[in-house]
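Heads up, the thing below is written out as structure tokens.
Throughout, protein chains are lettered first and strands after them, A, B, ... in sequence-line order, and every chain is numbered starting at 1.
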There are 2 protein chains.
Amino acid sequence: MVRIKDIAKEAGVSPTTVSNVIHGNTKKVSKSNIDKIQKILEEHQYIPSMSALMLAQNRSRLIGVLIGGVDGKRRSIEGDPFTSIMLSALELEIYRKNYYMLFHMSSTSEESWKLAATWKVEGLITLGLTAEQNIELQKRCQIPLVSIDNYYEGRERAENIGLQDFEGGFKMGNYLIENGMKKILFLSDNDIGVDHERWLGLQRAAKENGSVLAKHWIMPIKQEFQMQWLKDQLEEICKWDALFFASDRYAQEGILVLQDMGIRVPEDISVVGFDDSPYAKMCRPQLTTVRQDVMKKGKMVVKKLMSLIKEEPFDGEERLPVELVVRDSVQNRE
Amino acid sequence: MVRIKDIAKEAGVSPTTVSNVIHGNTKKVSKSNIDKIQKILEEHQYIPSMSALMLAQNRSRLIGVLIGGVDGKRRSIEGDPFTSIMLSALELEIYRKNYYMLFHMSSTSEESWKLAATWKVEGLITLGLTAEQNIELQKRCQIPLVSIDNYYEGRERAENIGLQDFEGGFKMGNYLIENGMKKILFLSDNDIGVDHERWLGLQRAAKENGSVLAKHWIMPIKQEFQMQWLKDQLEEICKWDALFFASDRYAQEGILVLQDMGIRVPEDISVVGFDDSPYAKMCRPQLTTVRQDVMKKGKMVVKKLMSLIKEEPFDGEERLPVELVVRDSVQNRE
DNA sequence: GTGAAAGCGCTAACAC
DNA sequence: GTGTTAGCGCTTTCAC
């Protein structure tokens with residue numbers, strides 16, 4: 001590995017001069033030296049050593065990306081196409097900004113903090129942590145942190161990029177109501193954050209139409225049990241006009257369970273999802289859902305983080321818009 | 001950030017002694033000092049600085065994970081649940097071995113090499129690069145490299161962990177033949193590496209049964225065009241007894257296209273896939289497929305890389321076994 | 001315009 | 001058992 005010292009020797013100048021040329025501080029360097037040094041730099045394919053840079057400048061150019069899961073399991077990443085698209089969006093943007101991505105599946109805040117400290121990470125992006133975990137991490141690390149898809153209730157909060165979940169639920173709610181649904185059941189595996197907001201949106205839509213009943217049921221969080229649970233509830237579920245699942249994946253499973261039991265979608269019951277993931281098109285009927293732009297979300301996350309690191313104002317959206325996508329899983333009831 | 005020097009001062013010893021205690025070289029350190037130092041270390045939550053460590057020891061504890069794509073696009077990561085599961089498996093294992101994961105979506109070998117050199121990465125794991133790209137990268141970087149799911153034809157090769165793809169194709173081929181299929185069509189979007197081997201396996205099975213016809217058709221590589229292409233070929237496709245798709249995702253799309261056109265699976269035509277991805281269970285009929293264990297593959301990749309780094313022999317499998325999973329998408333023809 | 005020298009936090013060889 | 005010291009590759013201050 002060729003070092004600045006070697007380049008300097010070959011050019012017959014001091015390391016300082018070479019360093020200046022590398023960094024474009026060429027005001028006080030003679031033209032001839034600039035050219036000579038640049039040529040040698042090229043020839044030897046000089047690559048700076050990050051370790052030395054880190055030590056000398058006390059910055060790492062590293063962004064830590066932390067993915068959490070429910071009770072230490074890798075929930076968010078498995079089977080969920082969004083996580084991988086998000087990861088790819090993040091890396092793309094991080095690299096574009098001349099940073100590097102250190103990736104970790106975080107289990108405890110302790111562990112995450114150690115990682116960040118060990119590597120003097122300049123910023124942290126988290127996905128799949130709870131609001132509390134983010135706040136704790138933020139406190140310990142004292143570095144810019146942007147969470148994805150969190151909602152903060154109290155006064156303590158972390159910076160966050162998310163969606164207009166409430167509006168998404170509201171839009172879908174209105175669409176269902178316009179199509180004559182009188183009884184709408186919202187299904188998710190929790191009642192916090194994103195899913196809660198989507199539910200609130202639906203609820204608002206229902207309230208604005210006195211005659212519509214909306215309710216929220218919580219499914220088991222473990223995937224293995226969900227389909228069985230749906231089967232068990234079948235009789236009750238069939239009493240509703242429409243099922244609004246908090247994500248496409250669940251909606252697709254829901255449709256399969258219904259169809260397996262001989263219930264027709266959307267003739268007997270309408271089913272909708274949220275996200276517009278690849279799953280939405282890969283079922284029959286194709287799923288009516290709410291679209292989010294994951295690539296854009298990732299881009300915004302990195303933009304936000306950069307503005308935090310550089311202490312510049314952020315001119316972007318913290319809650320990205322969503323859009324209703326009408327396909328075939330809803331049938332008008334009027 | 002507290003440094004070794006600070007700890008040493010507080011304990012009234014030299015930095016060397018502290019360093020020794022940290023690294024467990026306590027043969028020549030007095031018991032009282034060990035205790036005292038460990039206590040102070042605890043109190044101050046001492047965290048070593050990676051930059052200094054890297055510089056002093058000339059090693060980074062970093063593993064670079066490179067994900068490539070077709071013509072610079074993020075092919076392998078999007079919509080493909082395997083990439084994200086693999087990523088999670090890799091990170092889990094890397095961290096377990098006390099290394100850290102630097103993640104990059106590589107577009108050119110130049111870029112990847114620079115990344116590896118800048119960070120003095122101790123090993124490289126690649127996914128979705130071509131055999132040629134891996135060989136080139138290997139040559140430039142001169143560090144341990146393990147590719148995933150590649151096949152190397154010539155004498156130049158990189159270390160690799162993959163599947164028994166040929167056997168998988170062969171097993172499935174035999175299963176189809178046992179079920180009376182006389183004409184089997186294999187469908188993939190390329191004819192190299194993994195897909196080629198799976199096809200060879202099927203071909204062998206067909207050859208061992210003189211009366212069975214097997215053929216291989218190549219679909220367009222762009223996902224947007226695949227379903228349309230399948231529709232266009234429908235008439236020809238229906239002449240076959242069974243369709244063997246190189247992956248579950250394609251199989252699921254195939255089933256949807258067939259069903260949309262009024263063709264029954266498996267009554268009119270049998271369809272099978274490969275991978276046993278989440279998609280396999282999320283279609284009707286549920287897919288008969290060949291299962292691979294992605295978590296195990298990821299584990300093996302890291303194990304192989306570690307053995308390369310430590311220059312120890314590797315006692316593991318380079319081609320992991322696969323297993324036939326019979327579900328409902330094949331109907332006996334006899 | 002250019003270069004010498006100190007220092008970033010740590011390790012390891014060696015002296016005591 | 002313990003401490004001194006040089007050095008890893010680079011930046012930065014300051015002197016020339």
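Looking only at side-chain heavy atoms (C-beta outward), A:I125 and A:V302 come within less than 4.5 Å of each other. The shortest distance between side-chain heavy atoms of B:I148 and B:K297 falls below 4.5 Å.
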Listed pairs, N/O of protein and of nucleotides 8-10 of chain C, under 3.5 Å:
| from | atom 1 | to | atom 2 | distance (Å) |
| --- | --- | --- | --- | --- |
| C:dC8 | O2 | A:A56 | N | 3.4 |
| C:dG9 | OP2 | B:R3 | NH1 | 3.0 |
| C:dG9 | N2 | B:A52 | O | 3.4 |
| C:dC10 | OP1 | B:Y46 | OH | 2.5 |
| C:dC10 | OP2 | B:I4 | N | 2.7 |

Let's go through A:D6 and A:R3 carefully: what are the C-alpha distance in whole Å and the side-chain angles of both, what is the deciding distance for salt bridge (charged side-chain N to carboxylate O under 4.0 Å, His left out) to 0.1 Å, and is it a yes or a no?
CA-CA 5 Å; A:D6 305 320; A:R3 301 155 304 171; 2.8 Å; yes
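Screening residues 112-157 of chain A for ring-ring contact (aromatic ring centres under 6.0 Å, His included), with sequence neighbours left out, gives A:W119-B:Y100.
Atom-to-atom, NZ of A:K28 to C1' of C:dT2 comes out at 9 Å; the value is rounded to the nearest Å. Per the geometry, CZ belonging to A:R59 stands 17 Å off P belonging to D:dC10, to the nearest Å. Residue A:I37 contributes atom CD1, which lies 8 Å from atom P of C:dT2 at whole-angstrom precision. One can place CD1 of A:I22 at 6 Å from P of D:dT11, the figure rounded to the nearest angstrom. The interatomic distance linking A:M54 (CE) with D:dC10 (C1') rounds to 13 Å, in whole Å.
The side chain to side chain donor-acceptor pair (under 3.5 Å) test applied to A:Q45 returns no partner, not counting sequence neighbours. Taking B:T26 as the reference, nothing meets the side chain to side chain donor-acceptor pair (under 3.5 Å) condition, with sequence neighbours excluded.
The existence of a salt bridge linking A:R96 and A:E93 is confirmed by a sub-4.0 Å separation between a basic side-chain nitrogen and an acidic carboxylate oxygen. Between A:K39 and A:E42, none of the side-chain N atoms (NZ, or NE/NH1/NH2) sits under 4.0 Å from a carboxylate O, so this pair counts as no salt bridge. The pair B:K304-B:E159 meets the salt-bridge criterion, with a side-chain N (NZ, NE, NH1 or NH2) lying under 4.0 Å from an Asp/Glu carboxylate O.
When the options B:L66, B:T126, B:T130, B:V301 are evaluated for a side chain to side chain contact (heavy atoms under 4.5 Å, CB included) with B:S147, the one that passes is B:T126.
Nucleic acid contact for B:N20: none, since no nucleic acid atom lies under 4.0 Å from a heavy atom of the residue.
Within residues 7-16 of chain B, the residues that place at least one heavy atom under 4.0 Å from DNA chain D are, in residue-number order, B:G12, B:V13, B:S14, B:T16.
Taking five base pairs at each end of the helix from C:dG1-D:dC16 to C:dC16-D:dG1, the local helix axes there meet at an angle of 50°, rounded to 10°.
Rounding to the nearest 0.5 Å gives a distance of 9.0 Å between CD1 of B:I7 and CD1 of B:I37.
Taking side-chain N and O atoms only, B:N33 has no distance below 4.0 Å to OP1 or OP2 of D:dG1.
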